[in-house]
Amino acid sequence: MKLRLCWAVCALLGLAWGCMPTPRARNIAINGQATQKSTHNPDTPDKAIDGNRDSNYSKMSCSCTNEEDWPWWKLDLKRTYKISSVIVTNRNDSYPERLNGTQIQVGNSLDNNYEVCGTITNTSSNPIHICCNDRGGRYISLVIPRNKSTLTLCEVQVFGRLARKKTC
């Protein structure tokens with residue numbers, strides 16, 4: 001009974017079934033190429049994958065869009081992976097609630113027509129862990145699906161394994 005309860009709690013927290021990266025897991029986002037809908041200078045999209053997880057916006061390590069309708073940030077991983085989890089470091093100095101409702105999407109095309117693997121519903125903890133359950137894709141996109149929003153990301157880490165090509 002205790003074991004079942006433990007698994008249920010772990011699953012709710014995203015700790016079961018290999019969602020959380022192991023201590024030796026490699027962040028595959030670092031070698032990717034990031035773009036975003038607009039840039040609030042000098043907060044370029046690559047700052048979200050620079051390896052610096054500082055959540056203080058004034059330290060100049062966060063990407064940020066202008067205030068706009070449906071802002072997005074996209075990462076090209078250059079190869080197709082089975083994505084197990086995405087970890088988002090939100091800003092802690094102010095406006096953490098801006099990320100509420102942000103969708104994390106995974107897909108293989110450039111048209112932003114991806115499957116949602118998770119939605120940020122709670123910004124009280126930082127960093128934010130999203131389980132993607134080995135969703136396959138080359139592109140990771142974070143989108144705020146509402147008008148007049150600003151997307152600020154201090155770090156995005158992606159964990160997964162290279163997808164095997166199907167053979168006949």
| Any sub-3.5 Å donor-acceptor pair from Thr80's side-chain atoms to Ala163's backbone N or O? | no
| said: Would you compute the distance between atom CD of Gln157 and atom CZ of Arg26 and round it to the nearest 0.5 angstrom? | reply: 13.0 Å
| task | List the steps and the verdict of side-chain contact (heavy atoms from CB on, under 4.5 Å) for Thr35 and Trp72. | result | CA-CA 9 Å; Thr35 56; Trp72 54 263; 3.7 Å; yes
| message | Do Asp43 and Tyr57 pair up side chain to side chain, a donor and an acceptor below 3.5 Å, judged on atom types alone? | response | yes
| message | Taking Val116's backbone N and O only, do any of them form a donor-acceptor pair with Arg135's side chain (distance below 3.5 Å, no angle check)? | response | yes
| message | For the CG atom of Asn31 and the CG atom of Asp76, what is their distance to the nearest 0.5 Å? | response | 11.5 Å
| Do NZ/NE/NH1/NH2 and the carboxylate oxygens of Arg146 and Asp69 come within less than 4.0 Å? | no
| said: Between Lys37 and Asn66 (side chain of the first, backbone of the second, donor and acceptor by atom type, cut-off under 3.5 Å), is there such a pair? | reply: no
| query | Could you give the distance from OG1 (Thr22) to CE (Met20), rounded to the nearest 0.5 Å? | reply | 10.5 Å
| query | Which ILVMFWY residues can you reach from Leu99 by hopping between side chains whose heavy atoms are under 4.5 Å apart? | reply | Ile28, Ile49, Trp73, Leu75, Leu77, Tyr81, Ile83, Val86, Val88, Ile104, Val106, Ile120, Ile128, Ile130, Ile140, Leu142, Ile144, Leu151, Leu153, Val156, Val158, Leu162
| Atom pair CZ (Arg98) and OG1 (Thr102), whose distance is rounded to the nearest 0.5 Å | 11.5 Å
| Is the number of heavy atoms from other residues, nucleotides or ligands under 6.0 Å of Arg79 CZ greater than 12? | no
| Candidate list Ser63, Cys64, Pro71, test side chain to side chain contact (heavy atoms under 4.5 Å, CB included), partner His40, passing option | Cys64
| message | Looking at Lys82, I'd like to know if its NZ atom is crowded, meaning that more than 12 non-hydrogen atoms belonging to other residues, nucleotides or ligands lie closer than 6.0 Å. | response | no
| note | Rounding to 0.5 Å, atoms CZ (Arg91) and OG1 (Thr89) come to a distance of 13.5 Å
| Checking Gln103 side chain against Gln105 main chain: does a donor-acceptor pair fall under 3.5 Å? | no
| message | Please tell me whether Asn126 and Asn90 have a donor and an acceptor in their side chains that are separated by less than 3.5 angstrom. | response | no
| field | Nearest heavy atoms of Pro42 and Lys47, plus distance in Å | value | O-NZ, 3.0 Å
| query | Mind checking whether Tyr114 and Lys74 have side chains closer than 4.5 Å, heavy atoms only? | reply | yes
| query | Would a 4.5 Å heavy-atom cut-off, applied to side chains only, mark Glu68 and Trp70 as touching? | reply | no
| note | Between Glu155 and Asn52 the two heavy atoms that sit nearest each other are OE1-O, 2.9 Å
| Are Tyr139 and Leu110 close enough that some pair of their side-chain heavy atoms sits under 4.5 Å apart? | yes
| Ignoring hydrogens and geometry, is there a side-chain-to-backbone donor-acceptor pair from Asn108 to Arg138 under 3.5 Å? | yes
| task | Give a yes or no on whether the backbone of Asn147 and the side-chain of Ser149 come within a donor-acceptor separation of less than 3.5 Å. | result | yes
| query | Any chance the SGs on Cys117 and Cys131 are under 2.5 Å from each other? | reply | no
| field | Atom pair CD/SG of Glu115 and Cys132 - distance to nearest 0.5 Å | value | 10.5 Å
| query | Any donor-acceptor pair under 3.5 Å linking the side chain of Asn56 with the backbone of Asp93? | reply | no
| Between Lys78 and Gln33, does any side-chain donor sit less than 3.5 Å from a side-chain acceptor? | yes
| remark: Nearest heavy-atom approach of Ile30 to Gly51 is CD1-CA, 4.1 Å
